[in-house]
2 protein chains.
Amino acid sequence: MKKPRLRSNCPVNFALETFGDTWSLLIIRDIVFWGKKTYGEFLDSKEGIASNILSSRLSHLVQNGVLIKKPDKNDKRKSIYQLTEKGLDLIPMLLEMSGWATRNDPETTSPKDFVEYIFANREKMFKLIRETVKTGGSLFVGKDCVVSKLFKSSP
Amino acid sequence: MKKPRLRSNCPVNFALETFGDTWSLLIIRDIVFWGKKTYGEFLDSKEGIASNILSSRLSHLVQNGVLIKKPDKNDKRKSIYQLTEKGLDLIPMLLEMSGWATRNDPETTSPKDFVEYIFANREKMFKLIRETVKTGGSLFVGKDCVVSKLFKSSP
DNA sequence: ATAATTCACTTGCAATTTGCAAGTGAATAT
DNA sequence: ATATTCACTTGCAAATTGCAAGTGAATTAT
């Protein structure tokens with residue numbers, strides 16, 4: 001999916017060359033929204049990415065500094081993929097994209113009220129989401145996910 | 001570039017199916033940043049899109065309600081492509097993408113200070129950019145472009 | 001201890017998509 | 001009238017994608 005030559009130094013083009021294929025943003029979505037971390041979890045995505053394509057996209061994202069790959073302490077067969085700072089910086093764009101689609105796709109499965117809540121409290125929420133993902137959490141899944149933090153009452 | 005079947009109803013996937021190929025966002029960038037409007041102008045982009053691909057991307061964007069195509073009053077050979085409301089709604093995402101790349105691409109040609117100025121005055125600037133593009137202007141080019149409005153002194 | 005399973009990939013190949021080069025026909029300029 | 005411009009289309013080669021079937025190391029089950 002990547003061109004050997006650099007097409008231009010335009011920022012939009014740089015972004016497209018880094019993650020502008022059909023699958024990379026879905027991988028990043030799986031991390032941010034669903035807390036996925038391993039090859040097998042990404043392979044399971046609803047959209048059905050092929051295993052060879054997943055492999056090539058993951059290594060491209062690692063090579064471009066969006067993801068880091070670390071060995072899993074508990075299972076030596078696995079690796080953990082996480083967003084770098086550069087990758088975490090993509091969250092606002094990913095959320096804008098999701099916001100746009102949530103507003104414009106009549107068939108969306110996206111929780112409209114929650115999305116609008118996020119944008120209504122943009123600064124605070126974006127920060128919370130970034131910190132959550134940075135420490136291994138996600139927007140929707142897991143004990144310490146953003147949704148839990150917001151809506152579950154404190155002990 | 002579009003798949004016949006819908007891969008999922010996830011908002012990120014919806015966005016990717018609408019404009020997630022290698023060229024669509026460059027077309028939208030050419031409109032927002034550089035005020036391009038016609039087939040020939042898009043064909044001229046620095047990245048060198050092939051004429052058949054441009055043709056297919058333009059019709060896909062029109063079909064998906066991101067662009068409208070109108071006849072040029074002065075030259076019947078030409079058509080004018082413009083962003084619809086749905087297309088104008090993409091500006092925040094495009095700007096986040098540009099911001100990310102401007103901060104992360106060491107070789108960027110993007111004006112860093114101006115980009116940061118935009119984000120420092122986000123609400124006001126996004127509104128100004130949207131209104132400017134909506135009325136046929138652009139960020140950088142043309143008498144009434146955003147840059148002129150900001151930095152040229154009033155008469 | 002051995003065997004079966006899981007996991008993260010890789011390989012081979014067919015099908016789709018892309019990209020180049022060369023048209024085409026209508027509208028405008030000379 | 002003729003040439004040129006404009007927005008495409010067509011034909012084909014090259015690259016990319018996607019499916020199905022491996023592969024080998026690590027883990028689990030027996």
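In what follows, every chain begins at residue 1, and chains take the letters A, B, ... in the order their sequences are listed. In what follows, every heavy atom counts, from backbone to side chain, and hydrogens, waters and symmetry copies are set aside.
Look at CG on A/Asp21: it is 15 Å from C1' on D/dA15, rounded to the nearest Å. The distance between atom CG of A/Leu54 and atom C1' of D/dT17, rounded to the nearest whole Å, is 14 Å. Atom pair B/His60:NE2 and C/dT18:P shows a separation of 11 Å (rounding to whole Å applied). Atom CG in B/Asn74 sits about 19 Å away from atom P in D/dT5, given to the nearest Å. When rounded to the nearest whole Å, the span between CZ of A/Arg57 and C1' of D/dG18 equals 11 Å. Distance B/Glu47 CD to C/dT18 P: 17 Å, rounded to the nearest Å.
Atom CD of B/Glu116 sits in a crowded spot, with more than 12 heavy atoms from other residues, nucleotides or ligands closer than 6.0 Å.
The stretch residues 64-73 of chain B participates, sequence neighbours left out, in no salt bridge (charged side-chain N to carboxylate O under 4.0 Å, His left out) pair at all. Contacts classified as ring pair (Phe, Tyr, Trp, His ring centres under 6.0 Å) and involving residues 66-107 of chain B (residues at least two apart or in different chains) are given here: A/Phe14-B/Trp100, A/Phe19-B/Trp100.
Between its two ends, the helix from C/dA1-D/dT30 to C/dT30-D/dA1 turns its axis by 20°, counting five pairs per end and rounding to 10 degrees.
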| field | Nucleic acid footprint by protein, nucleotides 3-10 of chain C - heavy-atom cut-off 4.0 Å, B for base, S for sugar-phosphate alone | value | ---BSSBB
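A/Trp23 has a side-chain polar atom (N or O) that falls below the 4.0 Å cut-off from OP1 or OP2 of D/dG18.
Sorted by residue number, the list of members of residues 25-34 of chain A with any non-hydrogen atom under 4.0 Å from DNA chain D is empty.
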Under 3.5 Å donor-acceptor pairs involving side-chain atoms of residues 85-93 of chain A, not counting sequence neighbours:
unit_1: A/Glu85; atom_1: OE1; unit_2: A/Arg130; atom_2: NH2; d: 2.5
unit_1: A/Glu85; atom_1: OE2; unit_2: A/Lys134; atom_2: NZ; d: 2.9
unit_1: A/Lys86; atom_1: NZ; unit_2: A/Asn64; atom_2: O; d: 2.9
unit_1: A/Asp89; atom_1: OD1; unit_2: A/Arg130; atom_2: NH1; d: 2.7
unit_1: A/Asp89; atom_1: OD1; unit_2: A/Arg130; atom_2: NH2; d: 3.4

